[in-house]
Number of protein chains: 2
Amino acid sequence: MSLAAGTDLSLLVRKLETIITVSDLERRAIERLPVTRRQLSAHQDIVRDGDHPKQCCLLLEGWAFRYKLLDEGKRQILSVHIPGDIPDLQSLHLPVMDHSLSTLTACTLAFIPHEAMLDLTRNHPGITAALWRDTLVDAAIFREWMTNIGRRSTLGRITHLFCEIYLKLHGMGLARDFACEMPLTQGDIADAIGVSNVHVNRVLQDLRGQGLLTLQGQRLVIHDWDALTNRAEFDPAYLHQKRPPGP
Amino acid sequence: MSLAAGTDLSLLVRKLETIITVSDLERRAIERLPVTRRQLSAHQDIVRDGDHPKQCCLLLEGWAFRYKLLDEGKRQILSVHIPGDIPDLQSLHLPVMDHSLSTLTACTLAFIPHEAMLDLTRNHPGITAALWRDTLVDAAIFREWMTNIGRRSTLGRITHLFCEIYLKLHGMGLARDFACEMPLTQGDIADAIGVSNVHVNRVLQDLRGQGLLTLQGQRLVIHDWDALTNRAEFDPAYLHQKRPPGP
DNA sequence: CCGGCGCATTAACAAATATCAGTGACAGGC
DNA sequence: GCCTGTCACTGATATTTGTTAATGCGCCGG
């Protein structure tokens with residue numbers, strides 16, 4: 001808990017507002033939540049497969065991702081998270097983690113005790129519905145990823161991932177003009193879309209060669225949004241964003 | 001609404017009991033829900049991508065599945081549902097369907113108006129939590145499927161799918177002795193695990209050749225559960241079943 | 001009883017993708 | 001300023017998987 005708590009939690013309010021309308025009463029209840037701020041460097045696990053967490057975390061700054069590890073070091077990345085997300089909200093009702101959550105870049109996190117979140121939901125059915133809905137959007141994104149991994153070409157998978165990340169950032173006001181940060185390495189992208197890192201490299205070169213996008217350092221620039229969404233068969237409906245998702 | 005409504009809805013209670021403990025008060029509230037029973041034959045859409053449903057359906061008899069369609073007829077199956085499931089519960093908070101729901105076999109369904117479900121959740125926070133949790137388990141299964149499709153061998157994917165289905169049926173008392181119905185065609189399996197139907201055929205023959213399972217007509221018999229779960233790298237934790245999942 | 005249809009199966013071949021084995025650029029720690 | 005590790009990138013080769021096309025079987029309706 002800190003002086004900045006109100007500020008930290010206003011990010012959560014902003015996130016919920018991309019999904020529902022938040023009343024003043026609800027806003028105040030949210031901003032009264034006890035939070036513990038913590039800084040983590042890149043590639044630190046926040047919760048691990050098998051853990052029984054007693055708190056959720058709100059991502060304030062930086063990127064995080066969820067993943068599962070299989071035999072022989074195979075890894076599947078399950079989701080990518082940006083400021084405003086609560087990547088382990090599900091732990092509120094599923095006591096045992098079935099996957100891990102890790103920082104991708106250096107992050108600032110606000111930890112909120114489950115106790116406090118459950119109190120909040122007990123007293124504010126509207127917030128309960130909003131948080132429930134947030135986990136449902138999460139699931140909708142999983143469904144789209146399944147489709148991406150199972151049924152699209154590698155080129156389609158990569159472009160679809162980029163379109164999604166750009167729109168998520170844009171929805172939180174963190175990107176515009178078809179450019180954004182892209183801290184995922186080629187190996188991360190590979191583990192997110194179910195191919196090898198070598199193949200990601202080759203397809204990225206193809207995409208660059210076609211002039212569809214630039215990916216340099218940690219920065220993605222999309223040169224032709226319409227062409228890209230076509231290649232990806234990208235339809236943003238699954239993101240269930242409140243406002244019409246014009247980038 | 002019908003005389004059989006109480007009976008129909010006791011299936012929902014049984015389902016929730018595999019996940020939480022249901023009080024008598026809650027049980028009575030559930031059994032008071034207004035339901036419309038309907039029979040559908042195999043391969044009928046229940047809700048379609050883009051629809052704005054005004055009700056949820058409880059699956060009473062038969063199997064259903066969710067799917068997305070892509071260009072050129074590609075299809076990704078997202079989940080398989082058995083009696084006790086509410087496959088479109090998410091429509092309670094996500095007004096627009098981002099995928100379709102269809103019967104796999106002939107089905108009996110109980111439709112419950114959103115209005116009535118929302119009333120139920122307003123008056124029974126415990127049920128809200130249970131339903132929310134049910135959608136979270138749904139999402140946990142999506143995560144496992146993503147991993148399955150993205151990072152396992154075709155043989156692993158098929159065996160993993162079979163292990164999951166068997167345990168889900170077992171959890172609802174619909175299967176024992178390592179045998180169960182399996183109405184999925186090879187083409188359905190292919191669309192669930194992201195490979196071609198021809199390849200599914202080849203790998204199934206391999207599995208039969210190894211004596212791990214029998215798949216004849218519409219019936220699956222698992223000959224060596226331990227060997228199968230090993231091949232699949234199957235860990236049932238992600239199903240979040242209340243009781244320890246010994247088959 | 002026949003015809004049609006969906007499903008399982010097969011083979012031959014083509015395409016996509018993984019694997020392996022590197023190279024070089026760059027950044028951070030000491 | 002050097003060492004070390006990570007990351008992007010490359011080429012050769014091996015595997016896996018998809019595609020296409022054809023066959024046969026069993027079931028259902030007329």
Side-chain angles (χ1 to χ4, degrees), chain A residues 41-44 63 65 70-77 102-106 148-159 162 181-209 213-220 231, chain B residues 41-44 63 65 70-77 102-106 148-159 162 181-209 213-220 231:
Chain A
S41 57
H43 306 116
Q44 305 294 312
W63 294 40
F65 67 102
L70 277 75
D71 288 356
E72 300 159 39
K74 283 175 294 183
R75 179 180 68 156
Q76 178 64 45
I77 290 184
S102 174
T103 59
L104 180 66
T105 67
N148 205 35
I149 299 168
R151 282 291 177 241
R152 270 190 267 261
S153 69
T154 301
L155 192 141
R157 295 183 208 187
I158 294 181
T159 56
F162 286 166
E181 284 181 85
M182 181 52 61
L184 293 171
T185 66
Q186 294 183 359
D188 294 334
I189 294 170
D191 286 347
I193 66 174
V195 299
S196 70
N197 56 346
V198 175
H199 197 50
V200 167
N201 182 285
R202 291 196 260 252
V203 175
L204 277 178
Q205 290 179 51
D206 187 12
L207 278 166
R208 281 191 278 241
L213 53 81
T214 309
L215 191 56
Q216 261 179 17
Q218 309 263 286
R219 190 150 189 82
L220 167 70
R231 291 312 215 82
Chain B
S41 56
H43 306 116
Q44 306 294 311
W63 293 40
F65 67 101
L70 277 76
D71 288 357
E72 302 157 38
K74 284 175 293 183
R75 179 180 66 155
Q76 178 65 44
I77 291 184
S102 174
T103 59
L104 180 66
T105 66
N148 205 35
I149 299 169
R151 281 293 177 238
R152 270 191 267 263
S153 68
T154 303
L155 192 141
R157 296 184 208 188
I158 294 182
T159 55
F162 287 166
E181 286 180 85
M182 182 51 61
L184 294 170
T185 67
Q186 294 183 359
D188 294 334
I189 294 170
D191 287 347
I193 65 172
V195 300
S196 71
N197 56 347
V198 175
H199 196 52
V200 167
N201 183 284
R202 291 194 272 246
V203 176
L204 278 179
Q205 290 179 50
D206 187 12
L207 278 166
R208 280 190 282 244
L213 53 80
T214 309
L215 192 56
Q216 260 178 20
Q218 309 265 285
R219 190 150 190 82
L220 166 70
R231 291 312 213 83

Point to revise | Partner residues of Q205(B) under the side-chain contact (heavy atoms from CB on, under 4.5 Å) criterion, sequence neighbours left out | key: N201(B), R208(B)
Point to revise | Counterpart residues, side-chain hydrogen bond (donor to acceptor under 3.5 Å, both in side chains), relative to D206(B) (two or more places apart) | key: Q210(B)
Point to revise | Annotated protein contacts, base or backbone, on nucleotides 8-19 of chain C with a non-hydrogen cut-off under 4.0 Å, one of B, S, - each | key: SBBBB----SBB
Point to revise | Residues that R152(B) engages under side-chain hydrogen bond (donor to acceptor under 3.5 Å, both in side chains), provided they are two or more places apart | key: E144(B), N148(B), H160(B)
Check your understanding: In chain order, what residues pass the side-chain contact (heavy atoms from CB on, under 4.5 Å) check against T154(A), with sequence neighbours excluded?
Key -> I158(A), I193(A), V195(A), H199(A), V203(A)
**Study point:** For T185(B), all residues meeting side-chain hydrogen bond (donor to acceptor under 3.5 Å, both in side chains), sequence neighbours excluded
**Key:** D188(B)
**Study point:** Set of residues satisfying side-chain hydrogen bond (donor to acceptor under 3.5 Å, both in side chains) with respect to E181(A), sequence neighbours excluded
**Key:** none
Practice item. For nucleotides 22-30 of chain C, just jot down a letter per nucleotide in 5' to 3' order: B, S or -, based on protein non-hydrogen atoms under 4.0 Å. Key: ---------
Check your understanding: How sharply is the helix from dC1(C)-dG30(D) to dC30(C)-dG1(D) bent, taking the axes over five pairs at either end and rounding to 10 degrees?
Key -> 50°
Check your understanding: First contact, last contact: which nucleotides of DNA chain D are these for chain B, 5' to 3', heavy-atom distance under 4.0 Å?
Key -> dT17(D) to dT20(D)
Exercise for review: Using the side chain to side chain contact (heavy atoms under 4.5 Å, CB included) rule, pick out the option among L220(B), L184(B), L207(B) that qualifies with L215(B).
Suggested key: L220(B)
Study note, to complete from the structure: Contacts of S153(B) meeting side-chain contact (heavy atoms from CB on, under 4.5 Å) (sequence neighbours excluded), chain-then-number -> L155(B)
